[in-house]
Asks: 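Take a look at the following structure, please.
For the numbers below, each heavy atom of this structure counts, side chains included, while hydrogens, waters and symmetry mates do not. Just so you know, residue 1 is the first one in the sequence shown, and it goes up from there.
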Amino acid sequence: MSVLEVKNIKKNFGKTEVLKGISFSLEKGEVLSIIGSSGSGKTTLLRCLNFLEFAESGTISVCGKIIFDGDAAKKPTENEIRLNRLHFGLVFQSFNLFPQYSVLKNVTLAPVLLKRMTEDEAEKKARELIARVGLTDRINNYPCQLSGGQQQRVAIARALALEPDILCFDEPTSALDPELTGEVLRVIKDLKSTGSTMIVVTHEMEFARNVSDKVLFMADGVVEESGTPEEVFGTPQSDKTKSFLNKSLESV
């Protein structure tokens, strides 16, 4: 059984079709990289998965259970939406840490507020996660005292704290310089070795090629091509895929 199954997701903003019927599946422990030019719908897709946007039609299933049905007569309640979001952890490109809280507090806040853990349980888990991303020595620092790479690693620990089924990254390195990009990508690679199921929207072609189990290339709101990294990067079938990869690799 797939941990995630997305079928025919469509999303409009006014008269503009942004997602025109996106379908894919993901097995437990797999890493899916989503690549494509800006404006192709990648971020909108992640936002629909995380219930920050709502698709007009299509279904999203996690572990065999439909958690979103755009064609259902009855729309989900706010409480159902909150519960469905817990299946996904989202790491934003701009970190989105709470500036008034320490690293430790940033990571413990959500599990306590959502009453999934006691404060002691949340702190124990947070310390483990902060150590995993290599920031034990910064545990009492505030976001303003951290580099961009360190802030993004805190954001990853925060997303992991709620133990989501699927961890989603929206361009996690786009705001970072090359050196800091490397440290964040190393953390994501390490997560793969622990069996985390991940969706990574990225412009880092080498990462997508070397770390992913599947690659999905989006163009103009559709899945233009998908397959293993060897298939998509090595023998692309679509002219749009070939053109995108040629331009992307030229810019590296």
Side-chain angles (χ1 to χ4, degrees), residues 1-36 38-93 96 109-117 158-171 195-202 212-227:
M1 180 192 301
S2 298
V3 68
L4 175 66
E5 192 160 1
V6 176
K7 291 184 178 179
N8 203 32
I9 288 291
K10 296 181 180 180
K11 174 64 181 174
N12 302 334
F13 289 108
K15 295 182 179 180
T16 304
E17 290 183 287
V18 179
L19 302 177
K20 303 174 184 177
I22 303 295
S23 299
F24 67 91
S25 63
L26 195 58
E27 302 298 319
K28 186 172 177 59
E30 285 187 328
V31 177
L32 168 68
S33 285
I34 302 178
I35 62 174
S38 297
S40 59
K42 307 183 302 297
T43 292
T44 299
L45 175 59
L46 276 195
R47 290 178 66 83
C48 286
L49 292 178
N50 286 272
F51 296 90
L52 298 174
E53 302 285 352
F54 291 89
E56 271 72 42
S57 62
T59 62
I60 300 170
S61 301
V62 175
C63 300
K65 178 185 177 183
I66 294 177
I67 64 169
F68 174 79
D69 184 350
D71 301 315
K74 181 185 176 184
K75 299 306 177 185
T77 65
E78 284 297 320
N79 187 55
E80 288 171 333
I81 291 168
R82 281 195 295 270
L83 290 174
N84 288 337
R85 280 183 179 142
L86 294 176
H87 291 291
F88 299 90
L90 180 57
V91 178
F92 300 89
Q93 54 185 292
N96 286 14
L109 192 62
V112 173
L113 284 177
L114 294 170
K115 304 190 186 307
R116 300 195 79 185
M117 298 181 188
R158 181 179 62 182
L160 288 167
L162 287 170
E163 301 177 336
D165 295 297
I166 301 125
L167 192 58
C168 302
F169 297 86
D170 184 16
E171 300 283 7
S196 295
T197 307
M198 294 183 279
I199 300 174
V200 187
V201 170
T202 184
S212 309
D213 298 290
K214 296 177 179 176
V215 177
L216 188 153
F217 170 61
M218 289 182 64
D220 302 317
V222 302
V223 176
E224 181 70 20
E225 190 158 352
S226 64

Asks: Give the C-alpha distance, both sets of side-chain angles, the deciding distance and a yes or no for side-chain contact (heavy atoms from CB on, under 4.5 Å) between Leu4 and Asp165.
Replies: CA-CA 9 Å; Leu4 175 66; Asp165 295 297; over 6 Å; no
Asks: Any heavy-atom pair between the side chains of Leu52 and Leu90 that's under 4.5 Å?
Replies: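 Yes. Closest side-chain heavy atoms under 4.5 Å.
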Asks: Quick check: does any side chain N or O of Lys42 sit under 3.5 Å from a backbone N or O of Ile34, one acting as donor and the other as acceptor?
Replies: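 No: the side chain of Lys42 does not pair with the backbone of Ile34.
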Asks: Could you pull out all donor-acceptor pairs under 3.5 Å where a side-chain atom in residues 56-69 meets a protein atom, sequence neighbours excluded?
Replies:
residue	atom	partner	partner atom	Å
Glu56	OE1	Asn12	N	2.6
Asp69	OD1	Asp71	N	3.0

Asks: Report the residues that fulfil side chain to side chain contact (heavy atoms under 4.5 Å, CB included) with Lys75, sequence neighbours left out, ordered by chain and then residue number.
Replies: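 None.
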Asks: In sequence, state the C-alpha distance, the side-chain angles, and the governing distance for Asp170 and Phe92, and then conclude on side-chain contact (heavy atoms from CB on, under 4.5 Å).
Replies: CA-CA 5 Å; Asp170 184 16; Phe92 300 89; 5.6 Å; no
Asks: Drop me the distance from Thr43's OG1 to Gln93's CD, to the nearest 0.5 angstrom.
Replies: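 Interatomic distance, Thr43 OG1 to Gln93 CD, rounded to 0.5 Å: 6.0 Å.
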Asks: So do the side chains of Arg158 and Asn96 get within less than 4.5 Å of each other, counting heavy atoms only?
Replies: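 Yes - at least one pair of side-chain heavy atoms lies under 4.5 Å apart.
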Asks: At what distance, to the nearest 0.5 angstrom, does OG1 of Thr77 lie from CG of Asn84?
Replies: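 The OG1 atom of Thr77 sits 8.5 Å away from the CG atom of Asn84.
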Asks: Could you walk me through whether Phe24 and Val223 pass the side-chain contact (heavy atoms from CB on, under 4.5 Å) test, one step at a time?
Replies: CA-CA 9 Å; Phe24 67 91; Val223 176; 5.7 Å; no
Asks: So, do Glu27 and Asp213 sit near enough that their side-chain heavy atoms are less than 4.5 Å apart?
Replies: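 When only atoms from C-beta onward are counted, Asp213 and Glu27 do not touch, as no gap falls below 4.5 Å.
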Asks: Distance check, rounded to the nearest 0.5 Å: Glu5 atom CD versus Ser25 atom OG?
Replies: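 Going from CD on Glu5 over to OG on Ser25, the span is 6.0 Å.
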Asks: Looking only at heavy atoms, what is the nearest atom pair of Glu53 and Phe13, with distance?
Replies: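 So the two residues come closest at OE1-CE2, 3.8 Å.
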Asks: Locate the shortest heavy-atom distance separating Leu46 from Phe169; write the atom from each residue and the value.
Replies: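 Scanning both residues, the minimum pair turns out to be CD1-O, 3.5 Å.
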Asks: In Å and rounded to the nearest 0.5 Å, what is the CG to CD1 distance from Asn50 to Ile81?
Replies: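 The distance works out to 12.5 Å.
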Asks: Mind checking the CG-OG spacing from Leu160 to Ser196? Nearest 0.5 Å is all I need.
Replies: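 Rounded to the nearest 0.5 Å, the CG-OG separation comes to 6.0 Å.
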Asks: For Asn8 versus Gly21, what's the shortest heavy-atom pair and its separation?
Replies: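 Heavy atoms only, the tightest pair is OD1-CA, 3.3 Å.
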Asks: Quick one: closest heavy-atom pair of Ala110 and Leu162, and the distance?
Replies: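 Taking Ala110 first and Leu162 second, the nearest heavy atoms are CB-CD1, 4.0 Å.
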Asks: Can you give me the closest heavy-atom contact between Ala159 and Pro164, atom names plus distance?
Replies: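 Looks like O-CD, 3.4 Å.
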Asks: Atom CZ in Phe88, atom CD1 in Ile166: separation rounded to 0.5 Å?
Replies: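 Atom-to-atom, Phe88:CZ and Ile166:CD1 are 4.0 Å apart.
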Asks: How about Lys20: does its NZ atom have over 12 heavy atoms from other parts shown lying under 6.0 Å from it?
Replies: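 Yes.
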Asks: Taking all non-hydrogen atoms of both residues, which atom of Met198 and which atom of Leu26 are closest, and how far apart?
Replies: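 For Met198 and Leu26, the tightest heavy-atom pair comes out as O-CD2, 3.9 Å.
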Asks: Just by modelled atom types, is the Phe54 backbone N or O under 3.5 Å from a matching donor or acceptor in the Lys11 side chain?
Replies: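 Yes, the answer is positive, given that a donor and an acceptor are paired below the 3.5 Å cut-off.
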